[in-house]
Amino acid sequence: MIQRKQTLYLFFAGLVTLVLIFIPFGYLYTDLAGFRYTAFAVRDITPDHTYILSTIGNAVLLIATSALSFITMLLYKNRKLQLKLISVNMLVILAAMFTIMYVYPNFVFPKYPDLAGGKLEYNYVILICFVSALGIFLAKKAISRDEALIRSADRLR
């Protein structure tokens with residue numbers, strides 16, 4: 001199991017996504033205050049960290065991506081199921097990237113008077129999401145290669 005490249009890719013993608021849950025995505029600055037945008041909430045930067053808005057949807061998608069990566073890694077005996085779960089995982093990570101970068105900043109934040117008109121400065125969140133998606137893609141490629149090798153060996157028998 002551990003000697004397979006795709007296991008390492010999936011483990012790395014799951015680990016990177018778990019790290020992404022705990023770091024801030026970016027900071028939102030308005031004329032009056034600054035806010036920290038994380039997977040779970042948007043909070044005021046002041047020392048009391050006043051809660052402004054829940055962004056739990058981001059956290060759910062990132063946790064689902066991480067869980068799917070680890071579950072897929074453990075299903076190494078069933079390559080066809082692994083390929084299906086990796087395809088689902090790619091959709092989930094793309095949905096997470098879409099909500100983090102587009103849905104919350106463009107549709108949810110403007111509805112709150114404290115956050116409206118603010119300038120959002122991202123950390124390296126998009127790069128980290130792409131690294132996770134790349135790990136999932138490379139795992140899918142490696143599993144597909146293994147499946148093709150098994151089919152060709154069966155053809156020779």
Side-chain angles (χ1 to χ4, degrees), residues 1-28 35-45 49 51-109 111-112 115 120-157:
M1 176 175 103
I2 192 69
Q3 68 272 17
R4 298 172 67 206
K5 288 187 287 189
Q6 55 266 34
T7 302
L8 296 175
Y9 292 145
L10 287 169
F11 180 76
F12 182 69
L15 194 64
V16 165
T17 309
L18 270 179
V19 167
L20 189 59
I21 293 171
F22 298 108
I23 63 172
F25 296 151
Y27 295 91
L28 180 71
F35 303 95
R36 182 181 297 125
Y37 176 31
T38 64
F40 293 99
V42 175
R43 295 184 184 271
D44 198 353
I45 293 178
H49 299 294
Y51 175 82
I52 303 295
L53 168 70
S54 173
T55 57
I56 197 76
N58 292 333
V60 168
L61 288 171
L62 292 173
I63 290 169
T65 298
S66 184
L68 275 171
S69 293
F70 291 127
I71 289 169
T72 305
M73 182 179 68
L74 297 174
L75 296 173
Y76 60 92
K77 290 184 180 180
N78 192 346
R79 286 176 302 280
K80 290 182 183 180
L81 181 61
Q82 268 189 327
L83 287 172
K84 289 177 186 174
L85 286 177
I86 285 178
S87 297
V88 169
N89 201 356
M90 283 298 286
L91 289 175
V92 173
I93 191 76
L94 291 175
M97 289 169 50
F98 183 70
T99 59
I100 290 169
M101 300 303 217
Y102 187 72
V103 173
Y104 276 101
N106 293 334
F107 296 114
V108 179
F109 293 168
K111 292 182 182 177
Y112 289 85
L115 304 175
L120 184 60
E121 295 177 4
Y122 288 104
N123 289 343
Y124 299 106
V125 65
I126 192 69
L127 180 65
I128 295 171
C129 281
F130 278 127
V131 166
S132 180
L134 179 68
I136 294 168
F137 174 75
L138 290 174
K140 184 173 183 167
K141 242 178 116 171
I143 292 169
S144 297
R145 210 174 310 131
D146 282 355
E147 188 64 28
L149 183 65
I150 297 295
R151 274 189 268 128
S152 70
D154 286 345
R155 225 180 2 252
L156 291 174
R157 283 190 226 173

Any chance you could measure [X], atom [atom1], to [Y], atom [atom2], to the nearest 0.5 Å?
X: Thr55; Y: Tyr104; atom1: OG1; atom2: OH; value: 5.5 Å
X: Leu149; Y: Ser144; atom1: CG; atom2: OG; value: 12.5 Å
X: Phe70; Y: Thr17; atom1: CZ; atom2: OG1; value: 8.0 Å
X: Leu61; Y: Thr99; atom1: CG; atom2: OG1; value: 5.0 Å
X: Leu28; Y: Ile52; atom1: CG; atom2: CD1; value: 10.0 Å
X: Ile56; Y: Thr38; atom1: CD1; atom2: OG1; value: 9.0 Å

Taking all non-hydrogen atoms of both residues into account, name the closest pair between [X] and [Y] and its distance.
X: Val92; Y: Ala64; value: CG1-CB, 4.1 Å
X: Gln82; Y: Thr72; value: NE2-O, 2.8 Å
X: Phe35; Y: Asp44; value: CD2-CA, 3.8 Å
X: Arg79; Y: Ile143; value: O-CG2, 3.8 Å
X: Tyr37; Y: Asn58; value: OH-ND2, 3.1 Å
X: Ser132; Y: Ala13; value: OG-O, 3.3 Å

Salt bridge (charged side-chain N to carboxylate O under 4.0 Å, His left out) partner of Asp146, chosen from Arg4, Lys140, Lys80: Arg4
Heavy-atom count around [X] [atom1] within 6.0 Å, excluding the residue itself: above 12?
X: Tyr124; atom1: OH; answer: no
X: Phe11; atom1: CZ; answer: no
X: Phe130; atom1: CZ; answer: no
X: Phe137; atom1: CZ; answer: no

Any side-chain heavy atom of [X] within less than 4.5 Å of one from [Y]?
X: Thr65; Y: Ile136; answer: yes
X: Tyr76; Y: Gln6; answer: no
X: Leu134; Y: Val131; answer: no
X: Leu138; Y: Phe12; answer: no
X: Ile86; Y: Leu10; answer: yes
X: Ile23; Y: Asn123; answer: no
X: Pro105; Y: Phe25; answer: no
X: Leu62; Y: Ile100; answer: yes

Determine whether a donor-acceptor pair (N or O, by modelled atom type, separation under 3.5 Å) exists between the side chain of Ser66 and the backbone of Ile63. no
Measure the acute angle between the ring planes of Phe107 and Tyr102, then classify it against the limits of 30° and 60° as parallel, tilted or perpendicular. perpendicular
